[in-house]
Structures are given as C-alpha cells and as structure tokens.
*Asks:* 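Let me give you the structure first, and then I'll get to my questions.
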Amino acid sequence: MAINRRWQASVGLAGVVLWGLAAVGQAGWAYRSSADGAMEPPNGGNQQTACLVLDIDQNGTDDFVIAERTQGPSVVWYARQGDGTWKRRVIETTPLHIEAGGDVFDIDGDGDLDIVFCGDWKDDGVWWWENPHPNHDGPEGWVRRTIKSGDGARYQHDCRFGDFDGDGRAELAWWSQTAKKLFLADIPTDPRRAKAWDCREIWSYTDGPGHEGMDVADVDGDGTVDIVGAGYWFKYAVGRFQAHLIAPRPSTRCAVGQIIPGGRPEVVLSPGDSDGPVEWYEWKDGAWAGHTLLRRAIHAHSLALRDINGDGRLDVFVAEMGSPGAGAKARTMIFRGLDRGRFAREIVAVGKANHESRLGDLDGDGDVDIIGKPYSYGAPGLHIWLQD
C-alpha cells in the first residue's frame, strides 16, 4: 500500500486534535452501489434496519445480510459473483419488525454460521435462521425458529453470542429498551427442536435513555469473555452478572479491542441515535480514562475496530446516518491507528448515509472492505467501498 504524506488530524492521548504531517498507509477505495447495478436493493421498503457480514457459503469471501422492517422479503443475503456484482437471495419472505444489531453463530453445530435478529418496538420476538449450506438454492431454504416471544419485552437493540458464564457453552445476550433489561439465553441442546430458549434477566435499569450497544471481550483478562455495552462491562461472578461502569453513556455504539498493546483492551463509544463525541477509554491506574477521537459526530450509528490497512494496529471505523442524521453531509470515516493511542483521520466518503454499516472482505482479495447500509436516507439502497 502506498504511503501518502499529507496534513491530517492526529488525535493524541490527551484527547486533543492536533494537525500535523502524518505518514499513514492510505487505501484507495473503489465505490459500488445498488444505484450503479452492482446489486439489487434489498426490497422496496425505506427502513433498512440491520446488516450482518459472514461467509454464508464458505467460499472464503464474506457475504452480507440485510434486514428491512416495512415489507417483505424482510431478510436477504448477497454473494459476490465472478463478474464483480453481488447476487441477492432471499432468507425471509415474511415481513418482520426487525431491529438493528443481530449476530451470527453456529447455533445447531453443523459447521456453518446461522443468523439471529431481534424484534423492534413493535415486536418482542427474537429469532434465528438455520443456514441451509450447501443447498442455498434448494426448495427448503432458510428455516426461521423462535428463541423467545410473548413476553412484551420489545425494542431489542443489539445482541451478541459468547460464553459469558464460563460453562463451555455459548449464550445469547440482548437488550430490551421497553423492559429496561439485559437478557441472556442458553442455546438448547437440540435447537432445531426447541420451541423456545431458556431466557433470563441478568441486569436492569430504571432511569435514563434506552440502553444499547454491545460487544464481546475478555475485559479483565481472566479467560472468560464479558458483555460490553451501554457504557458498562458485565462480569459473571458468584452466580450472577456484575455491572462495572466505563462511562455514563448508555445510548451508544460500542467496539472493544487492543488499541494500546498490553493490559486491558480499550473501549470505543460513539453516539448511535444522537449527536455527540466519539471517545475511546483505556484502563489506567485502576480507572477508565477517556480520550476524544471526534468532538462531534451526528448519529454515528456505525462503529467498528479493525486493522483495516494491515499495519498491525487497530483502526476505528465511524460513519454517520443521513436521516435522522447529517443528510448530505454524512461522513464515512476511518481513524487510522498510528501508535500509543494516536490516530489519523481519513474521510472515505461524504453524503453516503450509514446506519449499521460493517467491515468485511467483500471481494475475496484478503483485505478489509466496507458495506454501507443506510436506514432511510437513500433507501432502498446499498453502498460498497472496496479497498485497493
């Protein structure tokens, strides 16, 4: 990758934006979209709520899944084709009120990845779809099964899998903003036959905005992964989950990774459904110390930590929504990790709205690309930036 020397915004440990000459690896981005015929829109609806990236067909190239909540097909997936386009296939024909923040896991233990989505403010369901690999075009297709329903706990923004209690089996955690609770469910021994999963409340709150945002990481280095979200990290100990505050920012997107080598991983928070700063937190001298990455982001609902340019350092992907959000000024950005908590900002695009955009190798060339999914601004439609 070529080294591009130019004036860039460099953010240091003190959280101050410094302008200086930075030598960073700059990617070239090739833009494709549903507007230019690279793929079909998911459907005719204008509320695209969720996006997942995974290798559905196990060919070494990441596919992506898009959910839309106003009409069917409500869930579709896209696979890269030899001519450089993406073929759309249907997962769920029925309209479903799906919220943002699904996850993937081999739920039935057959060696391929299945998907999970939760219901929005109109639906208390949580569902999983069985991957039909290798028969992706067979008559049976994807089978949807219920994890839970009928409890009235709706607006289930974000869910993640992990072995959070250290029993050797993965669980599924998710938020409900109407119930103001964090839930956990054990994967049944025979998930294909189970009518529902064993679900339980593990934490609740009473005040403030709806809690959201979730990632998985071993925060304290004890060998068991923890739940990180809503400005907290949750540790399982003595038969229950204990909440530890990172920062009083409950309605945020969340990403966790080793920005600074050694010690606890760092936590990045961005304002998903509001405007505010993008901040990262490090564990220092027995407390969480915050640093400002971006003073003001407008509905920065897309956030990820990944080594995007392959230099061995984690980069921060942040992108803003269009409506609600920044409209034609919506930014797609990468903060490239330099060293010791310094970053150089790159603007990938302006005016291409993001809602739950994600990273993955979408063309199979071994580097990291961007799938841009707007919510309503520019919907129905999709954006892809392929890294050179």
*Asks:* Within the structure provided, determine whether Ile56 and Asn131 are in side-chain contact (heavy-atom separation under 4.5 Å).
*Replies:*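 They are in contact (side-chain heavy atoms under 4.5 Å apart), so the answer is yes.
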
*Asks:* After noting the C-alpha distance and the side-chain angles of Arg154 and Asp120, does the key distance pass the salt bridge (Lys or Arg N to Asp or Glu O under 4.0 Å) rule?
*Replies:* CA-CA 6 Å; Arg154 303 182 305 279; Asp120 66 5; over 6 Å; no

*Asks:* Quick one: does any side-chain atom of Asp361 pair with a main-chain N or O of Thr61 as donor and acceptor, under 3.5 Å?
*Replies:*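 Side chain of Asp361 to backbone of Thr61: no pair is present.
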
*Asks:* Are the side chain of Ser376 and the backbone N or O of Asn46 linked by a donor-acceptor pair below 3.5 Å?
*Replies:* no

*Asks:* Hey, does the side chain of Glu282 reach the backbone of Trp280 with a donor-acceptor pair shorter than 3.5 angstrom?
*Replies:* no

*Asks:* Using 4.0 Å as the upper bound for N to carboxylate O, is an ion pair formed by Asp163 and Arg169?
*Replies:* no

*Asks:* Counting only N and O atoms by type, is there a donor-acceptor contact under 3.5 Å from the side chain of Asp307 to the main-chain atoms of Gly312?
*Replies:*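 A pair under 3.5 Å: yes.
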
*Asks:* How far apart are the C-alpha atoms of Glu92 and Trp129, what are their side-chain angles, what is the distance that settles it, and do they pass the side-chain hydrogen bond (donor to acceptor under 3.5 Å, both in side chains) test?
*Replies:* CA-CA 9 Å; Glu92 178 63 56; Trp129 284 261; 2.9 Å; yes

*Asks:* Leu54 and side-chain contact (heavy atoms from CB on, under 4.5 Å): which single residue from Asp112, Val104, Asp114 fits?
*Replies:*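 So, applying the side-chain contact (heavy atoms from CB on, under 4.5 Å) to Leu54 and each of Asp112, Val104, Asp114, only Val104 qualifies.
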
*Asks:* Within the 4.5 Å heavy-atom criterion, are Tyr78 and Val65 side-chain neighbours or not?
*Replies:* no

*Asks:* Is a side-chain donor-acceptor pair under 3.5 Å present for His355 with Lys373?
*Replies:*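 Looking only at side-chain atoms, His355 and Lys373 do form a donor-acceptor pair, the distance falling under 3.5 Å.
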
*Asks:* Checking salt bridge (Lys or Arg N to Asp or Glu O under 4.0 Å) for the pair Asp215/Arg160: CA distance, chi angles, key distance, verdict?
*Replies:* CA-CA 7 Å; Asp215 204 352; Arg160 290 299 301 271; 2.9 Å; yes

*Asks:* Check the orientation of Trp174 and Phe183. Use parallel for under 30°, tilted for 30 to 60°, and perpendicular for over 60°.
*Replies:* parallel

*Asks:* Looking at Phe234 versus Trp203, is the centre-to-centre ring distance below 6.0 Å?
*Replies:* yes

*Asks:* So how far is it from Ile147 CD1 to Cys199 SG, rounded to the nearest 0.5 Å?
*Replies:*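 These two atoms lie 7.5 Å from each other.
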
*Asks:* Identify the heavy atoms of Tyr281 and Gly290 that sit nearest to each other, and give their distance.
*Replies:* CD2-CA, 3.4 Å

*Asks:* Check the pair Glu346 / Trp29 against side-chain hydrogen bond (donor to acceptor under 3.5 Å, both in side chains), numbers first and verdict last.
*Replies:* CA-CA 11 Å; Glu346 174 190 349; Trp29 298 99; 2.9 Å; yes

*Asks:* Working to the nearest 0.5 angstrom, can you tell me the gap between Phe105 CZ and Asp108 CG?
*Replies:* 10.5 Å

*Asks:* So, Arg192 and Asp110, do they make that salt bridge, N to O below 4.0 Å?
*Replies:* yes

*Asks:* Salt bridge between Arg200 and Asp186, side-chain N to carboxylate O under 4.0 Å?
*Replies:*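 Here Arg200 pairs with Asp186 in a salt bridge, since their nearest N and O are under 4.0 Å apart.
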
*Asks:* Please determine if Asp123 and Arg69 form a salt bridge, counting it only when a charged side-chain N lies under 4.0 Å from a carboxylate O.
*Replies:*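 Salt bridge between Asp123 and Arg69, a charged N being under 4.0 Å from a carboxylate O: no.
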
*Asks:* So, the side chain of Glu99 versus the backbone of His157: is there a donor-acceptor pair under 3.5 Å, distance only?
*Replies:* no

*Asks:* Using the rule side-chain contact (heavy atoms from CB on, under 4.5 Å), only one of Asp222, Ile227, Thr224 pairs with Lys235; which is it?
*Replies:* Asp222

*Asks:* I'd like to know if Arg253 and Asp158 make a salt bridge, using a cut-off of under 4.0 Å between side-chain N and carboxylate O.
*Replies:* yes

*Asks:* Would you tell me whether Gln47 and Thr49 have side-chain atoms, one donor and one acceptor, within less than 3.5 Å of each other?
*Replies:*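 Thr49 and Gln47 do not have a side-chain donor-acceptor pair below 3.5 Å.
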
*Asks:* I'd like to know if the side chain of Asn43 reaches the main chain of Gln71, judged simply by a donor and an acceptor atom lying under 3.5 Å from each other, with no hydrogens or angles considered.
*Replies:* yes

*Asks:* Main chain of Glu356, side chain of Gln48: is a donor-acceptor contact present, judged purely on distance under 3.5 Å?
*Replies:*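 Flag not set: sc Gln48 to bb Glu356 has no pair under 3.5 Å.
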
*Asks:* Is there a donor-acceptor pair closer than 3.5 Å between any side-chain N or O of Gln387 and the backbone N or O of Ile308?
*Replies:*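 Present.
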
*Asks:* Take Arg89 and Asp137, measure what salt bridge (Lys or Arg N to Asp or Glu O under 4.0 Å) needs, and give me the verdict at the end.
*Replies:* CA-CA 8 Å; Arg89 293 183 173 96; Asp137 295 313; 2.9 Å; yes

*Asks:* Which atom names give the shortest non-hydrogen contact between Ala100 and Ala50, and what distance separates them?
*Replies:* CA-CB, 4.1 Å

*Asks:* Is the backbone of Gly125 close enough, under 3.5 Å, to the side chain of Gln156 for a donor and an acceptor to pair up by distance?
*Replies:* yes

*Asks:* Once side chain to side chain donor-acceptor pair (under 3.5 Å) is applied, what residue pairs with a partner in residues 238-250 remain, sequence neighbours excluded?
*Replies:*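 Qualifying pairs, neighbours excluded: Arg249-Glu279.
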
*Asks:* I want to check something: taking the side chain as every heavy atom from C-beta on, are Leu113 and Asp55 in contact at a cut-off of under 4.5 Å?
*Replies:*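 No, too far: nothing below the 4.5 Å cut-off.
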
*Asks:* Could you tell me whether the side chain of Val316 reaches within less than 4.5 Å of the side chain of Leu303, counting heavy atoms only?
*Replies:* yes

*Asks:* Give the minimum heavy-atom separation between Gly102 and Phe117, together with the two atoms involved.
*Replies:*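 Closest approach of Gly102 to Phe117: CA-CD2, 3.8 Å.
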
*Asks:* Checking side-chain polar atoms at under 3.5 Å, does Asn354 have a donor or acceptor matched by the opposite partner on Thr332?
*Replies:*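 Short answer, yes.
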
*Asks:* Given side chains that start at C-beta, do those of Tyr236 and Phe241 come closer than 4.5 Å, heavy atoms only?
*Replies:*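 Tyr236 reaches Phe241 side chain to side chain.
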
*Asks:* Do the two ring centres, one from Trp77 and one from His136, sit under 6.0 Å apart?
*Replies:*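 They qualify: ring centres under 6.0 Å apart.
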
*Asks:* Could you tell me how the ring of Tyr31 sits relative to the ring of Trp385: parallel (under 30°), tilted (30 to 60°) or perpendicular (over 60°)?
*Replies:* tilted

*Asks:* Is there a donor in the side chain of His211 and an acceptor in the side chain of Gln177, or the other way round, less than 3.5 Å apart?
*Replies:* no

*Asks:* Please check this pair: side chain of Glu68 against backbone of Gly72, looking for a donor-acceptor N/O pair closer than 3.5 Å.
*Replies:* no

